[in-house]
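Below: the structure, in structure tokens.
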Amino acid sequence: MKIKEGFVLRRVADATIVVPAGKTALDFNGMITLNDTAAFLWKLLEEDRNEDELLKAMLGEYDVEEDIARAGIERFVKKLSAEGLLV
Amino acid sequence: MYKAAGLVFGAEGCGETFLARAEKYRVTGGVPEFTVAVTDEEAAACMRASGLNGDLSRYLASGTKFYFELIKRGGMLLHSSAVALNGEAYLFSGDPGAGKSTHAGLWLKCFPGAYVLNDDKPALTRCENGFLASGTPWSGKNDISRNESLPVKGIAFIEKAPENSIERLSPKDAAVRIIPQTVRRISSARMEELLDTVDRLVTTVPVYVLKCRPDEDAARLAHSAMKSYQEKTI
């Protein structure tokens, strides 16, 4: 899975903000703010990844138990999918 | 040739409305940094999308092109009514119908010497300590603008409310409100530049939310809160 094309992620004033650019702005009218973990996962998902790859990267980056990390990733992926942001 | 927000530019195919409204921005001599050119195809596409007549479509499309050039040069537009008072600009933004122009009108009534710099889309450009707001030939249906650039003292997002109150926003909350009130449909590269400009804007200019009635008390409250802001480095 992978984030759809056409989104720009940028740090703005201590926040990570994602906005649609170009034609994507017609389909997705709005903006997303991400917390640190979500921004970390979003950046990984700019390229094609599976959940195991995300988990491995997250365990390498954060001091977190595997079960909690896995649940967090599932929640995030579910949300992205519900918003139609994944391909 | 024309000059607005410090940018010298040429214009081609921008239509009669543009020519009339740009008259006070006309300059002679100098080399244009860019040309705002609207082709027949672009005018036709704008006509289809907006439902406006040919001339107003050219005017609208020319504004889009100008503000696009502005983003490339580290500036941006903010949908807002900009009031000038004592050499400084106060910007009132918010969703359509929130009462931006109404609130600006109250300032004109309350504070002698106040006038509207741009009633719809002031251009914001970087200066040493923050941002300048400028009138442009693109200033809303009533064409209220002045060919001037003034330092931005503050930005207030207006919301209708039964009681008047004003509150400073954190830079993050300010960014979340500002982004929807600026250009949306641009390439990823331009969007990155625009977000960097928003980042600088919210960290150098105080941004407020003004919940208010359409009355003079609201104007006095906003003025006293916004004018007293001082950035001190000790």
Side-chain angles (χ1 to χ4, degrees), chain A residues 1-49 53-54 57-58 61-62 64 72 75-87, chain B residues 45-46 48-50 64-65 67-68 71-72 74-79 93 95-96 124 126 130-131 154-155 157 168-209 231:
Chain A
M1 69 194 134
K2 189 179 174 215
I3 296 276
K4 268 188 190 164
E5 293 282 316
F7 288 93
V8 174
L9 176 147
R10 207 78 172 160
R11 289 288 291 176
V12 179
D14 300 330
T16 303
I17 286 179
V18 172
V19 284
K23 286 201 179 84
T24 309
L26 294 179
D27 309 325
F28 186 93
N29 183 18
M31 142 180 62
I32 305 160
T33 52
L34 300 175
N35 64 27
D36 284 349
T37 325
F40 176 76
L41 292 173
W42 182 288
K43 278 184 228 163
L44 287 170
L45 283 166
E46 286 175 346
E47 282 168 43
D48 200 15
R49 311 275 182 182
E53 287 172 301
L54 295 179
M58 207 165 146
E61 179 78 12
Y62 295 94
V64 59
R75 261 202 315 276
F76 184 63
V77 166
K78 217 180 215 176
K79 253 193 213 169
L80 290 178
S81 164
E83 296 287 343
L85 297 170
L86 291 177
V87 285
Chain B
C46 183
R48 280 194 301 275
S50 67
T64 303
K65 294 204 159 194
Y67 288 113
F68 181 78
I71 290 167
K72 280 203 243 175
M76 62 182 280
L77 76 84
L78 183 69
H79 284 291
S93 188
D95 292 330
L124 304 183
R126 299 174 191 216
F131 278 81
I155 299 168
F157 282 85
R168 179 97 186 264
L169 291 170
S170 71
K172 184 203 159 188
D173 290 341
V176 167
R177 286 185 184 248
I178 283 170
I179 291 166
Q181 301 301 341
T182 185
V183 173
R184 299 309 303 271
R185 235 194 113 185
I186 49 178
S187 68
S188 299
R190 287 290 92 71
M191 186 55 90
E192 288 183 1
E193 291 164 352
L194 178 59
L195 292 178
D196 288 347
T197 302
V198 171
D199 180 63
R200 187 182 145 91
L201 181 64
V202 297
T203 48
T204 58
V205 173
V207 181
Y208 307 82
V209 58
E231 191 97 22

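Below, chain A is the first sequence line, B the second, and so on; all start at residue 1.
A salt bridge between B/Asp196 and A/Arg10 is present, with a side-chain N of the basic residue lying under 4.0 Å from a carboxylate O of the acidic one.
Counting non-hydrogen atoms of neighbouring residues, nucleotides and ligands closer than 6.0 angstrom, the CD atom of A/Glu5 reaches no more than 12 such neighbours. At most 12 non-hydrogen atoms from other residues, nucleotides or ligands lie less than 6.0 angstrom from CZ of A/Arg75.
Interface remark: B/Ile186 contributes backbone atoms only to the contact with chain A (heavy atom separation under 4.5 Å). For a residue to count as touching a neighbouring chain, one of its non-hydrogen atoms must lie under 4.5 Å from one of that chain's; by this rule B/Ser187 touches chain A with the backbone only.
Of the listed residues (B/Glu192, B/Arg200, B/Lys172), the greatest number of heavy-atom pairs within a distance under 4.5 Å of chain A belongs to B/Glu192.
Under the 4.5 Å side-chain criterion, counting only non-hydrogen atoms from C-beta, A/Leu54 is in contact with A/Val77.
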